[in-house]
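Lettering of chains follows the sequences in order, A, B, ..., and the numbering in each one begins at 1.
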Amino acid sequence: MAFDTMIGAYIINSSKDTYTISELAQEYLNLNVKAVEELTGKGKNFTLYRDMQPDVLSKTVGIYPYVINKVSRKIDGLFKENNQEQLYYDIELPLVRALADMEYYGFKVNVNALVEFSKELQEKIDVVTKEIYTLAGEEFNINSPKQLGVILFEKLGLPVIKKTKTGYSTDAEVLDELSDRHEIVEKILEYRQLVKLKSTYAEGLLAVINPHTGKIHSSFNQTVTVTGRISSTEPNLQNIPIKLEMGRKVRKVFIPSNENYQLLDADYSQIELRVLAHITDDENMINAFLNNEDIHTSTAASVFGIPKEEVTPIMRSRAKAVNFGIVYGIGDFSLAKDLKISRKEARMYIDSYLDRYPNVKRYMHDIVEEGKEKGFVTTMFKRRRYLPELKSRNFNIRSFGERIAMNTPIQGSAADIIKIAMVKVHGELKKRKLKSRLILQVHDELIVEVFKEEKEEVEKILSEGMQNAVSLKVPLVVEVKSGNNWYETK
DNA sequence: GCATGATGC
DNA sequence: AGCATCATGC
């Protein structure tokens, strides 16, 4: 591919909502060009080019080729200024074909199993609904947070833990705290889980199965996320349940195209923390990864100042929360909430962590300063995100900007790395004329539908392609699993 | 169209 | 708490 203005403009500024030619012409050429929609109309007024007058077309979209060429040259000049040519030409543009092939090839679904799953869910919903009505003493719309709030907090007199802009909060966090006080609460949680599964994952997926292919052909968007990740829509295949067993069963309906194929699922182990170790060059963290240690146990040992052998499950779990917090741009307030401890205690954990990982401390400080000076932060491969929030006089907005400054290089570099791996794996499968296909990416994992006779070869292409996507100061560890459906690849 | 709450990494 | 998408109510 020669050039794509939409992706090009996204590389220049990933924070925009749309990247239409009209908009780009205005921004980069100071040129007023009508939007395509203004010419064709939309909805019921939509008109095909072939039904429009030639002279109208020539005066309007007729100039698009010219504008596209000018915008392309302009953006290409900016790539040179920003040192983003590798990112654009070697990563993003080749990725277009990999994503297009993933969309076209699709992910096969066991329709009958999905229909059965849907029925099973409905039966469970019916049972739980009746139980809820009985416990409430009346019928109401459980799906309405407003009506549910009235039942829980007015009729049943449960304590109000949290409020939203519009009334009582009834989210899972609140309900968890109330679960000991009334039987109805856990039924509500169960109801919510079941309804989500039925509507989004059973009926939702059934509605987008292509009747000709029997497959789901998701759209993978390359210009949506501010950090460089790709997104998936219609349907979103990047948030298929896995944490709770009931939801995880959805994965059983995702199968190979036919009996000659299997699924391979390869995921990066702790890629974000490995990226952090690399970027900060923190000796303590790098050593943990070099020694192939469990990073959360290692963090717990460091923070609590004890040998790894003496780390308890609770200590490990707290260290894990701190590691998450570090990746997201930590604050004592949020960590306290997450761990249900005091803010002071959370502050102690964070300070202790930063004492034990001094280069991480310096990085967190420096990256915010860099963001303020330059107006943006960058990833390992020069992806850029502008941070106007850092200049805000509003404390909350400014703090948000600081967390973005800390998180974006980490999340974004991980996105760069898996994109490189995708281009390599996709290219290698094509070059060797293999029947196996890359069919999905879920931020730190790649799923390949593998032709059984090619399994050994493709497993090597996949794991080595991912491990060697880049060379970091720590190894990139990849775990590959196989199965006859997505559920089995665990 | 916005708010809420579910799901994922 | 960083990044997303989808269904539902109002």
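Atom CG of A:L446 and atom P of B:dG8 are 19 Å apart (whole Å). Remark: P of C:dG2 and CD of A:E389 are 11 Å apart, rounded to the nearest angstrom. Per the geometry, CG belonging to A:N396 stands 16 Å off C1' belonging to C:dG2, to the nearest Å. Straight-line distance from the CZ atom of A:R192 to the C1' atom of B:dT4: 9 Å, rounded to whole Å. The distance from atom NZ of A:K249 to atom P of B:dT7 is 16 Å, rounded to the nearest whole Å. The nearest whole Å value for the distance from the NZ atom in A:K163 to the P atom in B:dT4 is 12 Å. The separation between A:M246 atom CE and B:dA6 atom C1' is 16 Å, rounded to whole Å. We find that CG of A:L121 is positioned 14 Å from C1' of B:dA6, with the value rounded to whole Å.
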Contact string for nucleotides 3-10 of chain C, one letter per nucleotide 5' to 3', B = base within protein heavy-atom range under 4.0 Å, S = sugar-phosphate only, - = neither, reads BSBBSSSS
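In this structure, A:R384 forms a cation-pi arrangement with A:F376, its terminal cationic atom sitting closer than 6.0 Å to the ring centre and no more than 45° off the ring axis. Figure legend: cation-pi geometry between A:K215 and A:F107 absent, as NZ or CZ is not positioned both under 6.0 Å from the six-membered ring centre and within 45° of its axis.
For residues 171-194 of chain A, there are no ring-ring contact (aromatic ring centres under 6.0 Å, His included) pairs, not counting sequence neighbours. Residue pairs satisfying the salt bridge (Lys or Arg N to Asp or Glu O under 4.0 Å) criterion with at least one member in residues 407-419 of chain A, sequence neighbours excluded, are listed as follows: A:E92-A:K419, A:R383-A:D416.
Listed by residue number, A:T166, A:S169, A:T170, A:D171, A:A172 are the residues of residues 166-189 of chain A with a heavy-atom contact under 4.0 Å to DNA chain B.
Enclosure of atom NZ in A:K481 by more than 12 non-hydrogen atoms of other residues, nucleotides or ligands within 6.0 angstrom is indicated.
Across all strands, A:I410 comes closer than 4.0 Å to no nucleic acid atom at all (heavy-atom distances). As judged by a 4.0 angstrom heavy-atom cut-off over every strand, A:V327 is placed among residues making no nucleic acid contact. Looking at heavy-atom distances under 4.0 Å, A:G325 makes contact with a base. Contact annotation for A:L197: no contact, since no heavy-atom pair falls under 4.0 Å across all strands.
Inspection of the A:E23 and A:T18 side chains reveals an N or O donor paired with an N or O acceptor under 3.5 Å. Defined by atom type and a distance below 3.5 Å, a donor-acceptor pair is missing between the side-chain atoms of A:Y268 and A:E479.
Considering only side-chain N and O atoms, A:R403 lies under 4.0 angstrom from the phosphate OP1 or OP2 of C:dG2. Regarding contacts with the backbone of B:dA3, every side-chain N or O of A:T164 stays at 4.0 angstrom or more from both OP1 and OP2.
Separation of atoms OG (A:S413) and CD1 (A:I271) is listed at 9.0 Å; rounding is to 0.5 Å.
Look at A:Y328 and the base of C:dA1; the rings do not stack under the cut-offs of 5.5 Å between centres and 30° between planes.
Residues forming a side chain to side chain donor-acceptor pair (under 3.5 Å) with A:Y104 (at least two apart in sequence, or on another chain): none.
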Listing, residues 229-240 of chain A side-chain donor-acceptor contacts under 3.5 Å, not counting sequence neighbours, or none:
residue	atom	partner	partner atom	Å
A:R229	NE	A:Q411	OE1	3.4
A:S232	OG	A:S218	OG	2.8
A:S232	OG	A:P235	O	3.1
A:S232	OG	A:L237	N	2.8
A:N236	OD1	A:Q238	N	2.7
A:N236	ND2	A:N239	OD1	3.4
A:Q238	OE1	A:S232	N	3.4
A:Q238	NE2	A:Q441	O	3.0
A:Q238	NE2	A:Q441	OE1	3.2
A:N239	ND2	A:Y201	OH	3.4

